[in-house]
Every structure is written in structure tokens, then in C-alpha cells.
Number of protein chains: 2
Amino acid sequence: MSDRKKRILQIVVDEYINSAVPVSSKAITEKHLTDVSSATVRNELASLEELGYLTQFHTSGGRVPSPQAYRFYIEELMQRGNLSAADLDYISGAFSDKTADVEHLIKSVANVISDLTDYTSVAIGPNAEEERIRNMTLLPCGDGRALLVIVTGSRILRDSFIDIPESMSDEDVAGASHMLAKLFGGKALSEAREVEAEALGEFGQYRQVMTEVIEALKSYARPRDEDIVLAGPEKIFNHPEYEDIGNVKNFLSVISSKDKIAEIVGDEDDEIQINVKIGSADDKDVPEDCSVVTATYSAGGKNLGTYGVIGPIRMDYSKVIAVLENVGKALEELVDGKNNKNKDKNKEKNDE
Amino acid sequence: MSDRKKRILQIVVDEYINSAVPVSSKAITEKHLTDVSSATVRNELASLEELGYLTQFHTSGGRVPSPQAYRFYIEELMQRGNLSAADLDYISGAFSDKTADVEHLIKSVANVISDLTDYTSVAIGPNAEEERIRNMTLLPCGDGRALLVIVTGSRILRDSFIDIPESMSDEDVAGASHMLAKLFGGKALSEAREVEAEALGEFGQYRQVMTEVIEALKSYARPRDEDIVLAGPEKIFNHPEYEDIGNVKNFLSVISSKDKIAEIVGDEDDEIQINVKIGSADDKDVPEDCSVVTATYSAGGKNLGTYGVIGPIRMDYSKVIAVLENVGKALEELVDGKNNKNKDKNKEKNDE
DNA sequence: GTTAGCACTTGAAGGTGATGAGTGCTAACA
DNA sequence: TGTTAGCACTCATCACCTTCAAGTGCTAAC
């Protein structure tokens with residue numbers, strides 16, 4: 001593909017992303033390629049269409065980029081957009097230390113992304129599997145039930161009710177609770193699940209409780225609904241493709257199901273930092289006319305979750321990717337800063 | 001208002017709810033009032049319009065009920081609908097004992113209501129204020145933080161992270177935790193908030209922790225986002241008024257904000273069991289073209305939350321109210337049954 | 001390889017007239 | 001006095017047509 005073809009393709013995609021109307025040869029020569037005539041551009045456009053990058057609804061309607069064009073655009077043509085100073089300020093101001101626990105942090109990240117991009121944002125919290133259990137307890141609730149709570153340093157990892165034998169006194173439960181904390185403390189959720197045999201032995205008389213706990217641990221393998229958040233669903237109406245009720249319907253059917261959100265956000269290759277899915281071709285759960293751009297963040301070796309936006313195929317990929325990248329950086333700094341602070345604190349303690 | 005006027009108004013509302021098209025005098029005489037002529041009905045219709053019960057978009061377009069008509073319809077005209085055997089079966093099958101904790105119960109109630117009515121359902125969980133604290137604990141998480149968990153017999157009442165002095169050892173926290181459980185166990189959340197003075201004295205060296213706990217208790221006054229659930233948002237598309245993008249927009253702007261949902265579901269008179277809000281006139285947060293029907297359930301003196309549907313003004317009030325009533329009955333039976341079972345259990349224990 | 005020129009296609013916008021649904025009014029009737 | 005038939009009137013909808021502008025593809029000339 002010639003440089004001029006690339007340039008023209010870039011112009012078409014940029015223009016279409018901006019205006020949402022099919023772009024014509026005339027518009028291209030008037031605004032961008034002033035040194036050639038519209039006829040020349042027409043020839044190039046016809047050729048780009050043959051290559052599969054452009055489509056026409058009808059002969060007199062200008063051209064529109066195909067999903068293939070967007071992919072090429074993102075990989076080669078797009079200007080890696082820099083954010084405005086205001087946007088950068090907004091990001092750095094948004095994540096203050098007060099967002100101490102991960103639950104809140106996830107929500108505020110999702111909100112920031114949605115606000116800055118003007119698209120609906122989706123997020124899936126940190127993968128719980130590899131987080132270290134900091135503490136664990138069984139809280140008696142009466143009527144033969146107890147609440148099992150597992151926390152890390154920064155969040156409630158999981159909680160759920162389990163049945164306990166009626167014969168167990170509150171003191172017995174407290175004892176069992178201590179054993180659990182000792183047994184599982186410091187382990188990752190995935191490791192915790194593997195101590196089964198050993199644990200059952202140690203528990204002796206409370207074998208049944210342990211069985212229930214193991215059962216609960218197993219059910220924690222998939223993300224909870226609360227770990228999947230959505231921000232700014234109404235943002236969809238800011239984009240003209242969603243004047244069409246059918247598109248809104250598709251969109252809503254996806255975002256109102258946490259399972260589907262998890263599906264389209266979740267199943268990505270760990271190697272890839274930023275992942276773009278364009279239309280149903282890339283993921284059957286993404287509606288025909290939608291794109292999903294996600295980024296997986298981690299800091300200090302710790303997974304911080306996957307965040308992204310869902311919006312029309314005609315998405316401002318440059319802006320979206322810039323926002324995702326900068327939010328990632330801010331998050332990394334926040335977490336690293338905190339770690340360092342803690343290290344300092346610990347150091348001070350040791351120095352005493 | 002004459003009996004015939006009432007009958008005609010009833011026919012108009014029934015017909016319009018069913019068909020969503022303005023109803024004409026001819027339709028009324030053909031299908032329902034076969035003993036009078038359409039001209040007579042026209043006179044009555046004109047009179048009902050003057051009374052404010054009916055409106056016309058244009059002279060040749062049939063008539064449509066006004067909000068005032070719906071109110072009158074619900075209070076006097078509507079046939080208190082009985083549910084089909086299938087619907088009743090569905091309800092009684094939906095709430096089995098396995099939905100042990102309140103969180104799941106709320107969700108399943110919301111789903112049942114949405115499924116049976118074909119409208120989007122909204123629910124707000126049991127009012128936490130008067131529930132008795134069954135247990136309470138502080139779980140150390142490191143880095144000067146601890147998780148405060150409060151449970152009743154059937155659910156996690158509240159949880160949140162609080163700061164603790166770095167100097168507190170895990171054992172100290174455990175001690176404080178015991179004191180908390182003793183101090184607050186058996187109290188309602190609203191009562192717990194009032195023990196401030198006494199508590200601060202008892203806590204001695206851990207005064208600061210207690211201050212944080214009190215602070216947390218105070219923040220628990222309003223419902224958590226998780227206590228507000230929504231089921232079947234996509235159901236809205238099953239009703240023709242939501243072919244219009246503007247209406248969908250209004251609708252989505254309300255249901256995507258938990259605060260707004262809480263507002264329209266929450267602020268009702270405790271005296272009223274079933275509450276109907278028709279359009280913005282009854283509640284400024286209800287969109288112009290929407291109605292909200294809610295019911296507050298309680299069983300054994302315990303508040304079980306408020307449930308309802310949000311949908312077009314042209315709502316099948318009879319069906320909706322029947323579903324809400326029957327779901328309420330089923331829920332009451334479920335909870336009473338459980339209480340009895342527990343009483344039985346306790347009795348057996350005492351008999352031993 | 002580039003360009004001007006032109007015929008062609010197509011959707012959008014606007015106008016027209018026919019159709020049909022539904023009403024309001026009036027006068028006659030019981 | 002309430003009811004009814006009859007009729008003129010209103011209005012949305014639809015099909016059909018015309019016009020308009022945008023944009024293309026193609027060709028011939030540079």
C-alpha cells in the first residue's frame with residue numbers, strides 16, 4: 001500500500017470518527033490533501049475499497065471505514081494522542097490516597113475513564129486468585145450459620161455464609177476461626193484451595209466446617225458480580241449511532257448482564273496490555289456495531305484489574321487509548337507510592 | 001359521575017393498556033357496550049374529557065387516559081386481577097429455603113417480579129436501621145487498617161475498613177473486637193449509634209478505634225448501593241412507548257443511578273402497603289412518561305424491603321399489583337415458616 | 001499518473017391527493 | 001330528556017411524484 005493510500009485511509013478514519021458522516025473525495029481534497037484533485041482521491045478510494053478497507057452504503061454516499069480499516073488504523077496510522085493538560089490534571093487529581101480500598105478504587109477508575117472518554121466504561125476487579133490472604137475469620141450468626149470473611153490488606157477478598165453444626169458454641173467457632181487464619185494466612189486463594197487434605201486432618205472434630213470452607217473457597221474461582229462494574233451507561237446516547245433503538249437494545253442487552261461484561265472484558269491474552277475488539281468478529285458477545293477497548297493494569301507485580309470502554313465501532317480510539325494508558329500510569333504511581341510509604345513505615349518501626 | 005361514565009372510563013383504560021392505541025367510540029360500542037350507539041358514547045367521552053380523565057392528541061385520533069384517569073382506575077375501576085395458576089406456581093417455586101441470605105433473596109424477588117410482570121423491577125433491601133446486630137468483629141488487615149464487619153442472623157449488615165493505630169497488635173484488635181461484640185450485640189443499628197458516651201469510656205486506651213467505629217456506624221444511616229437492585233432493565237423494550245429514543249433516555253437516566261432509584265422507591269409512607277406514582281406529578285424523579293408501583297413487605301414484624309416495577313404510565317396495574325401482592329404473601333410464608341422452624345429447633349433443644 | 005468534465009445514482013426533502021378513522025354537531029325520535 | 005342517525009369536518013398516513021444536492025465512476029485529454 002502506497003504512502004498516499006495510507007494517508008488517505010487515515011484521513012477517512014479520522015474524519016469519520018469526528019463527524020459520523022461518510023466521507024467524500026471532495027471533503028478530503030478540500031480539508032487535507034489540497035495538492036491533488038478529488039478525482040485522484042476517488043481513484044485511490046476505489047482501490048482502498050477493493051482492498052477491503054472501505055465500504056459504501058450506496059454509490060453517492062461517501063465512504064465509511066470497515067472494521068479492517070480500524071484495525072489497521074489503530075496499529076499503524078493513528079496519532080498516539082496526547083491528553084490535554086486538563087485531562088491529565090483530572091486523572092492525577094482523581095486518585096487520591098483516600099480511595100484506600102480496592103472496591104472504591106475500581107469504581108473511581110471506571111468513573112474517570114467514562115468521564116474523560118465520554119463512553120460507557122466497564123471494569124473487572126483485580127483477579128482474586130493470586131492475592132494473598134491477610135486474615136480470615138468465621139463469625140457466628142446463630143441458627144447454625146456463620147459468616148466466612150477473607151481479607152487482604154486492601155479489600156474483602158470474599159465473604160459468604162456457611163452452615164455449621166448446631167452443636168458448635170461461639171467459642172468453638174472462634175477456635176475454628178483461629179485455625180483457619182493460621183492455616184490460610186499468607187496464602188493465595190488458589191493455593192488455599194489446595195490444602196484440603198492437610199486441613200481436614202488438622203481440623204479434627206470440625207471436619208464438617210472445614211468441608212464447607214473448602215466448598216466456599218472453590219466457589220470463589222470466578223469473579224463476583226460486585227467485582228464487575230459499569231460507569232456512565234447513559235453516555236451511549238451522546239453518540240449518534242445510538243439514535244437507533246435497535247443499537248441501544250443490543251448495547252443494553254450486553255451491559256445489563258454482568259456475565260456478558262465479564263466475558264467481553266475478561267478473556268484476554270495476558271501478554272497484551274491494551275486489547276481492542278472491533279464488532280462481533282473479534283468476540284461474539286460484542287454487539288455488531290460496538291467496539292471494546294480494554295487495558296489490564298498491574299503495579300508492583302500485583303494485578304489491578306482490567307478496565308476499558310464499550311462504545312460504537314466509530315470510536316475515538318486515539319483518545320480512549322491515551323486515557324487508558326494515562327490512567328494506568330497514575331494507578332501504578334499511586335500503588336507504588338503506597339508501597340513505598342508502607343516500606344518507609346516498616347523501616348521506621350524496625351529502626352526504633 | 002354516572003355508572004355508565006365509570007364503565008366507559010374503565011373500558012377506555014383497559015383497552016388502552018392492552019393495545020397502546022387511542023380508543024375510539026366505535027371500538028367501545030363494538031367490543032363492549034353493544035347496547036348503545038357510538039354517538040352516545042361520544043357524548044360521554046366528550047364529557048369525560050371535560051372532567052379531565054381523557055385527552056386527545058387530535059380530533060380524529062381516539063382518546064387516551066390522563067394520569068388522573070389511571071389514579072381513579074386503580075382506586076375504583078380496576079378489576080383486582082387474579083394470577084394464573086402458572087404464575088402462582090412460579091412464585092411459590094421461586095423462593096425456596098436455599099435463598100438463605102437476604103442479599104440473594106432480594107435479587108431473586110426482583111427477578112421474579114420482573115419476569116412475571118414483564119417490566120423492569122426495582123428493589124431496595126430491608127431497612128438496616130432496626131435490624132438487630134448478631135455479631136460484630138474487627139479483622140486486622142495490616143498497614144494500620146482493620147475491617148469492621150457487622151452481621152445479623154441472615155446477612156452482612158455492614159462492613160467497611162477503618163484506620164487503627166499502628167501500635168495496636170493483632171491481639172489488641174481481637175480484644176477490641178470482643179468488646180465491640182459485647183457492647184453492640186443484640187442492639188439495632190439505630191440504637192448502636194447512641195451508645196457513644198458509654199462506649200468511649202469503656203474503651204479506654206482504644207478510644208481512637210471506637211471513634212472510628214462510631215463514625216462508621218453513622219455513615220450506615222443510608223442504604224448501600226448494593227442494597228438497591230434492578231432486574232430486567234431490557235424489559236422496557238417490550239413496550240411500544242420505548243421505541244422512542246427520548247423515552248429510553250429518560251428511563252435509563254433514572255435506572256442507572258442508584259441514588260435516583262432509592263429516591264423513587266424509598267420515600268414512601270410507612271402506612272401504605274402498595275404505592276403508585278404516576279408520572280412526574282407524583283414524584284419529580286419519576287420520568288414524565290413512567291409509573292412506579294411499589295410494595296413494602298414485612299413479616300414477623302421485620303421489614304423485608306420495598307419492591308416494585310418501573311414502566312410506562314400505560315402499565316398493566318392490575319397484573320402488577322396482583323404480582324406484588326402474591327410475592328408478598330409468598331415471602332411472608334417463607335419467613336414465617338423459617339421462624340417457626342427455628343422455634344421448633346430451639347424447642348427441641350430445650351426439651352433435650 | 002493526474003485531472004476536468006460529465007453522465008449517472010441515490011437519498012432526502014417537499015408537495016399532492018386519496019383514504020380512512022374518528023369526531024362534533026344537529027335534528028329527529030322515543 | 002336521553003338517545004340516535006346522519007353528515008360535515010379534521011387529521012394522520014400512505015403512495016406517488018418531483019426536485020435537489022451530493023457523490024461517484026468513467027472517459028478523454030494533459
Side-chain angles (χ1 to χ4, degrees), chain A residues 1-9 11-16 18-66 69 240-241 243-244 246, chain B residues 1-9 11-16 18-66 69 240-241 243-245:
Chain A
M1 179 146 46
S2 72
D3 277 357
R4 191 170 66 188
K5 271 205 184 61
K6 285 186 188 172
R7 174 87 182 105
I8 289 176
L9 186 55
I11 293 170
V12 172
V13 178
D14 276 335
E15 275 290 307
Y16 187 62
N18 266 315
S19 68
V21 292
V23 356
S24 72
S25 56
K26 200 176 141 208
I28 293 173
T29 52
E30 273 174 4
K31 291 196 220 162
H32 305 276
L33 273 190
T34 44
D35 53 335
V36 293
S37 80
S38 66
T40 310
V41 172
R42 273 204 293 284
N43 289 332
E44 298 283 46
L45 289 176
S47 157
L48 282 166
E49 189 171 350
E50 219 162 274
L51 290 167
Y53 289 104
L54 299 176
T55 50
Q56 271 183 305
F57 291 122
H58 38 263
T59 128
S60 69
R63 261 121 176 159
V64 160
S66 68
E241 23 279 272
E243 314 261 290
D244 182 89
Chain B
M1 180 148 48
S2 72
D3 277 358
R4 191 171 66 186
K5 270 204 187 60
K6 285 186 188 173
R7 172 91 182 104
I8 289 177
L9 186 55
I11 293 170
V12 172
V13 179
D14 276 336
E15 275 290 307
Y16 187 63
N18 265 316
S19 68
V21 291
V23 354
S24 72
S25 56
K26 202 177 141 209
I28 293 173
T29 52
E30 273 176 2
K31 292 195 218 162
H32 305 276
L33 273 191
T34 46
D35 53 336
V36 292
S37 81
S38 65
T40 309
V41 172
R42 272 203 293 284
N43 289 332
E44 297 283 47
L45 289 176
S47 157
L48 282 167
E49 188 171 348
E50 221 162 274
L51 291 168
Y53 290 105
L54 300 176
T55 51
Q56 270 183 307
F57 291 122
H58 37 262
T59 129
S60 68
R63 260 121 175 160
V64 160
S66 69
E241 25 276 274
E243 315 259 291
D244 180 89
I245 199 81

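Everything quoted here is computed from the prediction, not taken from an experiment. Each chain gets a letter, A, B and so on, in the order its sequence line appears, and its residues count up from 1.
- Place B:Gly61 and B:Asn43 on DNA chain C by their nearest nucleotides, and B:Gly61 ends up nearer the 5' end.
- Searching all strands for a Watson-Crick or G-U wobble partner of D:dG6 with both distances below 3.5 Å returns C:dC25.
- The CD-C1' distance, from A:Gln56 to C:dC8, rounds to 13 Å in whole Å.
- The side chain of B:Thr40 contributes no N or O atom lying less than 4.0 Å from OP1 or OP2 of D:dT3.
- In this structure, the CZ atom of B:Phe57 is 17 Å from the C1' atom of D:dT13, given to the nearest Å.
- The distance from atom NZ of B:Lys26 to atom P of D:dG6 is 15 Å, rounded to the nearest whole Å.
- A:Ile28 has its CD1 atom 13 Å from the C1' atom of D:dT24, to the nearest Å.
- Note on A:Ser38: nothing from the nucleic acid sits closer than 4.0 angstrom, heavy atoms only.
- Comparing C:dT2, D:dT3, D:dG25 against the side chain of B:Arg4 picks out D:dT3 as the nearest.
- When the nearest nucleotides of DNA chain D are assigned to B:His58 and B:Asp35 by heavy-atom distance, the more 5′-ward of the two goes with B:Asp35.
- Checking side-chain atoms of A:Ser38 against main-chain N and O of A:Thr29 turns up no donor-acceptor pair under 3.5 Å.
- For the OP1/OP2 pair of D:dC26 and a distance below 4.0 Å, the side-chain nitrogens and oxygens of A:Arg42 include no atom meeting the criterion.
- A straight line from NZ of B:Lys31 to P of C:dG22 spans 10 Å, rounded to a whole angstrom.
- Each of B:Glu44, B:Glu50, B:Glu49 was scored for a salt bridge (charged side-chain N to carboxylate O under 4.0 Å, His left out) with B:Lys5, with one residue passing: B:Glu44.
- Distances were taken from every side-chain heavy atom of A:Ser37 (C-beta onward) to each of C:dA4, D:dA5, D:dC11; the shortest belongs to C:dA4.
- Among the nucleotides C:dT3, C:dT9, D:dT3, the one closest to the side chain of A:Thr59 is C:dT9.
- A side-chain contact (heavy atoms from CB on, under 4.5 Å) with B:Tyr53 is found for one member of B:Leu9, B:Val13, B:Ile8, B:Leu45 and no other, namely B:Leu9.
- Listed for the A:Ser25 side chain is no donor-acceptor partner under 3.5 Å among the backbone atoms of A:Val41.
- Look at D:dT1: its Watson-Crick or wobble partner, with both distances under 3.5 angstrom, is C:dA30.
- For A:Ser60 against C:dT10, a side-chain-to-base donor-acceptor contact under 3.5 Å is present.
- Taking atom CD on A:Glu44 and atom P on D:dC26, their separation rounds to 15 Å, with Å as the unit.
- Contact of the A:Val21 side chain with the A:Val23 side chain is not registered, since no non-hydrogen atoms from C-beta on lie closer than 4.5 Å.
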